Amino acid sequence: FIIILGSNWAMSNAHSKSVHNLVRMINDISENLRHGASDDTIAAEKVANHINCFWPRMMKSEIKIHFNAGGYGLNSIARNAINIIRAMDK
C-alpha cells in the first residue's frame, strides 16, 4: 500500500513538473515573439501558430487543460495564444 501511494505521488509530481515546464516554455516563446510583433495580439497569434506547428498533440492538450483549470503562471500573451488555439480546434 505504501508503494502505491509513493508511486501515485511520483506520478503526480512528474505531471506537476511537466505542466510547470510547459508553462515556462510557452511564456518564453511569448516573450521571444513579443519583440518581433507590433502588439500583443499579433504576438499571441504568432505563439499560437508556433504551438500548432511544433508542439505535439499531448503537449497542447496538457497546456489547454492547465489553462482551463485557471492557467496559473501563464502570461497574458500565452493566455491569448491558448484561446486562439482553442478557437482553431472547434
Side-chain angles (χ1 to χ4, degrees):
F1 187 69
I2 293 172
I3 293 172
I4 292 171
L5 286 176
S7 113
N8 285 342
W9 178 85
M11 287 174 50
S12 174
N13 193 36
H15 175 74
S16 177
K17 286 182 181 179
S18 172
V19 169
H20 174 77
N21 286 336
L22 293 177
V23 168
R24 182 184 48 77
M25 287 170 52
I26 197 169
N27 284 341
D28 287 350
I29 293 165
S30 298
E31 289 302 317
N32 287 332
L33 294 179
R34 169 186 274 163
H35 296 293
S38 56
D39 63 33
D40 286 356
T41 301
I42 292 173
E45 290 170 357
K46 289 182 175 192
V47 172
N49 184 52
H50 176 90
I51 299 303
N52 277 327
C53 288
F54 298 109
W55 282 26
R57 187 177 323 203
M58 184 60 140
M59 288 171 65
K60 288 189 274 192
S61 177
E62 286 196 29
I63 200 69
K64 287 188 280 186
I65 289 168
H66 178 69
F67 177 82
N68 291 338
Y72 177 77
L74 293 167
N75 67 33
S76 62
I77 293 174
R79 288 175 179 277
N80 290 337
I82 294 168
N83 273 325
I84 293 167
I85 293 166
R86 290 171 62 205
M88 295 167 80
D89 289 346
K90 292 181 181 180

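Given the structure is predicted, the values throughout are model-derived calculations rather than measurements.
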To the nearest 0.5 Å, how far apart are [atom1] in [X] and [atom2] in [Y]?
X: Lys46; Y: Arg34; atom1: NZ; atom2: CZ; result: 13.0 Å
X: Met59; Y: Asn21; atom1: CE; atom2: CG; result: 9.0 Å
X: Leu22; Y: Glu62; atom1: CG; atom2: CD; result: 6.0 Å
X: Ile82; Y: Ile65; atom1: CD1; atom2: CD1; result: 11.5 Å
X: Asn68; Y: Ile63; atom1: CG; atom2: CD1; result: 10.5 Å
X: Ile85; Y: Asn52; atom1: CD1; atom2: CG; result: 5.0 Å

Salt bridge present between Lys60 and Asp89 (N-O < 4.0 angstrom) =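 The answer is no: the pair does not qualify as a salt bridge.
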
Looking only at non-hydrogen atoms, find the nearest pair between Ala78 and Ser30 and report the distance.
->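 Heavy atoms of Ala78 and Ser30 come nearest at N-OG, 3.5 Å.
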
Verdict with reasoning, Glu31 to Asn75, per side chain to side chain contact (heavy atoms under 4.5 Å, CB included) = CA-CA 9 Å; Glu31 289 302 317; Asn75 67 33; 3.6 Å; yes

Has the side chain of [X] got a donor or acceptor atom that lies under 3.5 Å from a matching backbone atom of [Y]?
X: His66; Y: Tyr72; answer: yes
X: Arg86; Y: Lys64; answer: no
X: Asn49; Y: Glu45; answer: no

Can you hop from Ile29 to Val19 via hydrophobic side chains spaced under 4.5 Å?
->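 Yes, one cluster joins them.
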
Examine the side chains of Asn27 and Arg24 and answer whether a donor and an acceptor come within less than 3.5 Å of each other.
->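 On atom types as modelled, these side chains do not qualify, holding no pair under 3.5 Å.
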
Measure the shortest side-chain to side-chain distance between Phe67 and Val23 over non-hydrogen atoms and say whether it is less than 4.5 angstrom.
->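 No. Closest side-chain heavy atoms not under 4.5 Å.
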
Where do Leu74 and Ile26 land on the side chain to side chain contact (heavy atoms under 4.5 Å, CB included) test, with the steps shown first?
-> CA-CA 8 Å; Leu74 293 167; Ile26 197 169; 3.5 Å; yes

